[in-house]
Structure formats: C-alpha cells, structure tokens
Amino acid sequence: MYRVFLSWRYMRARRTNIIGVLGIMVGVGALILILSIMSGFLDETRKVVRGSLSDLIIAPYTVPRPDGHVAPSDPAALLAAVRADPRVAAATPQRSWPGLLTNTETRIDAALTNMRLADAERGRLSFVQMLGIDVESEYATSELRAALESASLTGASRVADVEHPFAAPPGYDPPGRPLASIIVGEQQAAMLNLTRGSIINITTGIPTAGTVDDFRPNNRKYVVAGTFRTGENETDLSTVYLERSELVSLLATPTQYDKVLVKLKNYAKDGEALRDDLQADLHAKGLIRDRNSGEVRTWEEFRGTLLGAIENEKTLM
C-alpha cells in the first residue's frame, strides 16, 4: 500500500510525469490497436487469396513418363484413389481453358465491346478463364455455393436456383435450341453490362490433335444464368463457370480434367502428410507423372507468391 501512496505523492509533486505516463499509455494502446487491425487484415487476406481453391490441388502432368505411360484423361480413377483415404472429406474434378468473352446481344453492346477490346487496359479484362465443374461435388469441396449466395455489391442477379445453378434462367424461352448456361463474376457482369438471361459469346483456340503446335478457332454462345462473388478480385473479374461436360464438348479434346480439388476433414493436422502420401500413392498407381514434381500441392503452395508477400508484411510488423 505504501508504494501506491509514495508513487501518488511523487506524481502530484511533479505533474509533468503524468504527461509521460499518459503518453506511454497512448503509445502502447496505439501499437496494440494497429497490430490487432493488421493481424485481422492479414487473416482475411489469406481467406481471399485462397479464393475458390480447396485444401489440396492435384494437377497431373500430361507429359509421358520415361516408360511412355501417360496419366489417364478421365478423372474417375484418380477420384476413387483420393476418396478412398479416410482423411479426405470430398474431391471434385475441374477442367479449365482460356477464352475471350464478348457481349454482342445488341448493337450498342457490340459497339461497347469493340471499344473495350481496343483499349489496352480494359481489353485484357475481356479474357477469362473458363472453369468446367461438376456442381454436386464442387459444392462439397469448394466455396462456390457461398459465392453464389453472397449478397451482391453491384446489384447483379444471382442464379435463380442455387441447387441447379446451370438451369435455364427464368423467362428464357428461345425459339430454337436453348443455349447452355454460364455463370460470370459480378465484376465481369458489371463491366460488360450483363444480366441474368443475357446472351454472350466465348471465343477460344483449341489445339488440334491434342498439341499446341496448331490451334483452330472455336466460339459458342451461352446464356447467363447468374453471377457470383468470391471476394477475390481476380476471380470475380476473370473466371466464368460452366458445366464440365459442356466445356469438354466445346474443346473437343480427350482431356476431361486438368486438376482435382481435395477437401480434408482436418487440414491443419493432415494437410502436409496427406499431400506426401497422395504423391506416393498416385505415382505408384500411374495417376501422376512424378512423385517429386509438385503435382500434388497444398493451397498455400499453390498461392505461394501471394502468401509470401503476406508473410513479409507480418515480418515487417
């Protein structure tokens, strides 16, 4: 008790010390507040960086092994091997390919599209990554359902039925054969003036005979079933979803998938161990080319460049 009494007497006798104490309190409080805000920001950034990925990503190389063996183009065997592991909660195949998305539904839309394509900065935003998915397994593996159900920041229309996102939008009744549906990011929709029911055209190049030595152009029209928002700017601007069977049909190549997303029951505990086990098991079964080539990666390894920048911020803080 006497220590408190002596301290108080000293503080009252020399009141400038009170200013020093208050200054230290404010400084320490500011440091705690700023560090707390930055820690929360970095945690949220990690979630955004992960985007539409799952815990593990398996991307087999299609280059033949030294013995001539090539990983199968159908994902069935790989999915069966992955799902057999008790640490796996779900897995889904994906097929991706680049394309040029244009809106030529009306004369005004066509004119605006031509202006955008002629602009060096905005023209590149018309190039998208088509992502073919299987809806049921995709919902179980990634955060696509949440992206389809998230509130829109631009007033964009979401899909009418989340359980059947590629169903024809309400009111779409064409005179001829109905077009396949596609789902676009809401930022892309805002840039190209797309709404649910809009007709868009996707143009792409397809390698002949399964090689990239020669490409043949191909294009197909789609109806917009709705939009999504992941919160990751790159994904919302440059990714469009369609059914995997539809994308395989558009590309007309033997390859039916190029990666498999894997969701774990406990990623923090089993992530790296399962990655190593799958690399060995899938290589032994001939489902990947090399057990040491990085064909099986965690999402953090897949997003290593961006996460490295985040870790540097933590180190600086």
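Everything numeric here is computed off the predicted structure, so don't read it as measured data.
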Asker: Between M130 and L250, is there a side-chain heavy-atom distance shorter than 4.5 Å?
Answerer: yes

Asker: Using every non-hydrogen atom in the two residues, find where S36 and I32 come nearest and quote the distance to one decimal.
Answerer: OG-O, 2.8 Å

Asker: What closest approach, in Å, do A91 and V260 show between heavy atoms, and which atom pair accounts for it?
Answerer: CB-CG1, 4.2 Å

Asker: Verify the cluster assignment for I182 and I206: are they in a single hydrophobic cluster under the rule of side-chain heavy atoms below 4.5 Å apart?
Answerer: yes

Asker: Taking only residues at least two apart or on different chains, which pairs with a member in residues 87-98 satisfy salt bridge (Lys or Arg N to Asp or Glu O under 4.0 Å)?
Answerer: D85-R87, R87-D277, R95-D258

Asker: What pairs with Y257 under ring-ring contact (aromatic ring centres under 6.0 Å, His included), at least two apart in sequence or on another chain?
Answerer: none

Asker: Can you name the residues that form a side-chain contact (heavy atoms from CB on, under 4.5 Å) with E136, not counting sequence neighbours?
Answerer: none

Asker: What distance do S137 atom OG and L261 atom CG have between them, rounded to the nearest 0.5 Å?
Answerer: 9.0 Å

Asker: Hey, which of T203, T102, N201 is the one that makes side-chain hydrogen bond (donor to acceptor under 3.5 Å, both in side chains) with N219?
Answerer: N201

Asker: With distance as the sole test, does Y222 use its side chain to make a donor-acceptor pair with the main-chain N or O of L242 at under 3.5 Å?
Answerer: no

Asker: Without hydrogens or angle criteria, can the side chains of Y139 and E163 be said to hold a donor-acceptor pair below 3.5 Å?
Answerer: no

Asker: Does any part of the side chain of V223, heavy atoms only, come nearer than 4.5 Å to the side chain of S198, both counted from C-beta?
Answerer: no

Asker: Of the non-hydrogen atoms in F228 and L148, which two are nearest, and what is the gap between them?
Answerer: CB-CD2, 3.8 Å

Asker: Inspect the surroundings of CD in E234 and state if more than 12 heavy atoms from other residues, nucleotides or ligands are less than 6.0 Å away.
Answerer: no

Asker: Using the rule given for side-chain contact (heavy atoms from CB on, under 4.5 Å), can you reason through W299 versus I57, listing the C-alpha separation, both sets of side-chain angles and the distance that settles it, and then say yes or no?
Answerer: CA-CA 7 Å; W299 77 268; I57 298 91; 3.9 Å; yes

Asker: Assess, by modelled atom type and distance only, whether the side chains of D236 and T230 contain a donor and an acceptor separated by less than 3.5 Å.
Answerer: yes

Asker: How long is the straight-line distance from CZ of R297 back to CD1 of I58, given to the nearest 0.5 Å?
Answerer: 11.5 Å

Asker: How long is the span from the CG atom in L274 to the CG atom in L264, to the nearest 0.5 Å?
Answerer: 5.0 Å

Asker: Could you tell me whether E272 atom CD has more than 12 heavy atoms of other residues or ligands within 6.0 Å of it?
Answerer: no

Asker: Using the side-chain contact (heavy atoms from CB on, under 4.5 Å) rule, pick out the option among L53, D55, L56 that qualifies with T298.
Answerer: L56

Asker: How does the hydrophobic cluster around Y61 look, that is, which other residues are in it when side-chain heavy atoms under 4.5 Å mark a link?
Answerer: none

Asker: Donor-acceptor pair, S181 side chain versus V224 backbone, under 3.5 Å?
Answerer: no

Asker: Would you mind checking if R275 and E295 are paired as a salt bridge, meaning a charged N to carboxylate O distance below 4.0 Å?
Answerer: no

Asker: Keeping the roles fixed (side chain from Q94, backbone from G132), state whether a donor-acceptor pair exists under 3.5 Å.
Answerer: no

Asker: Rounded to the nearest 0.5 Å, what separation is found between the CG atom of L131 and the CZ atom of R244?
Answerer: 11.0 Å

Asker: Just so I know, are the side chains of P93 and L79 near enough to count as touching, which here means a heavy-atom distance under 4.5 Å?
Answerer: yes

Asker: Counting C-beta onward and ignoring hydrogens, is there a side-chain heavy-atom pair between Y172 and I199 closer than 4.5 Å?
Answerer: yes

Asker: Going from OG1 on T227 to CD on Q187, what distance comes out if it is rounded to the nearest 0.5 angstrom?
Answerer: 11.0 Å

Asker: Would you give the length of the straight line joining atom CD1 of I133 to atom OG of S245, rounded to the nearest 0.5 angstrom?
Answerer: 10.5 Å

Asker: Could you go step by step and tell me if S54 and E143 meet the side-chain contact (heavy atoms from CB on, under 4.5 Å) rule?
Answerer: CA-CA 8 Å; S54 196; E143 300 298 323; over 6 Å; no

Asker: Looking at A71 and L287, what are the two nearest heavy atoms and their distance?
Answerer: CB-O, 3.5 Å

Asker: Can you run down the salt bridge (Lys or Arg N to Asp or Glu O under 4.0 Å) pairs that involve residues 172-201, sequence neighbours left out, and say none if there aren't any?
Answerer: R158-E186, E186-R229

Asker: Distance alone, cut at 3.5 Å: any donor-acceptor contact between the side chains of Y267 and E300?
Answerer: yes

Asker: Establish, from distance only, whether the side-chain atoms of W97 and T204 form a donor-acceptor pair under 3.5 Å.
Answerer: yes

Asker: Examine the side chains of T92 and T141 and answer whether a donor and an acceptor come within less than 3.5 Å of each other.
Answerer: no

Asker: For A90 and A140, which heavy atoms make the closest approach, and how far apart are they?
Answerer: CB-O, 3.6 Å

Asker: State yes or no: do V248 and Y241 share one hydrophobic cluster built from I, L, V, M, F, W and Y residues joined by side-chain heavy-atom distances below 4.5 Å, directly or via other members?
Answerer: no

Asker: V240 vs I183, test: side-chain contact (heavy atoms from CB on, under 4.5 Å). Steps then yes/no.
Answerer: CA-CA 6 Å; V240 296; I183 305 171; over 6 Å; no

Asker: Between V88 and V82, which heavy-atom pair has the shortest distance, and what is it?
Answerer: CG2-O, 3.4 Å

Asker: Show every salt bridge (Lys or Arg N to Asp or Glu O under 4.0 Å) that has at least one partner inside residues 259-270, sequence neighbours left out.
Answerer: none

Asker: Walk me through it: do V128 and T239 pass the test side-chain contact (heavy atoms from CB on, under 4.5 Å)?
Answerer: CA-CA 5 Å; V128 298; T239 300; over 6 Å; no

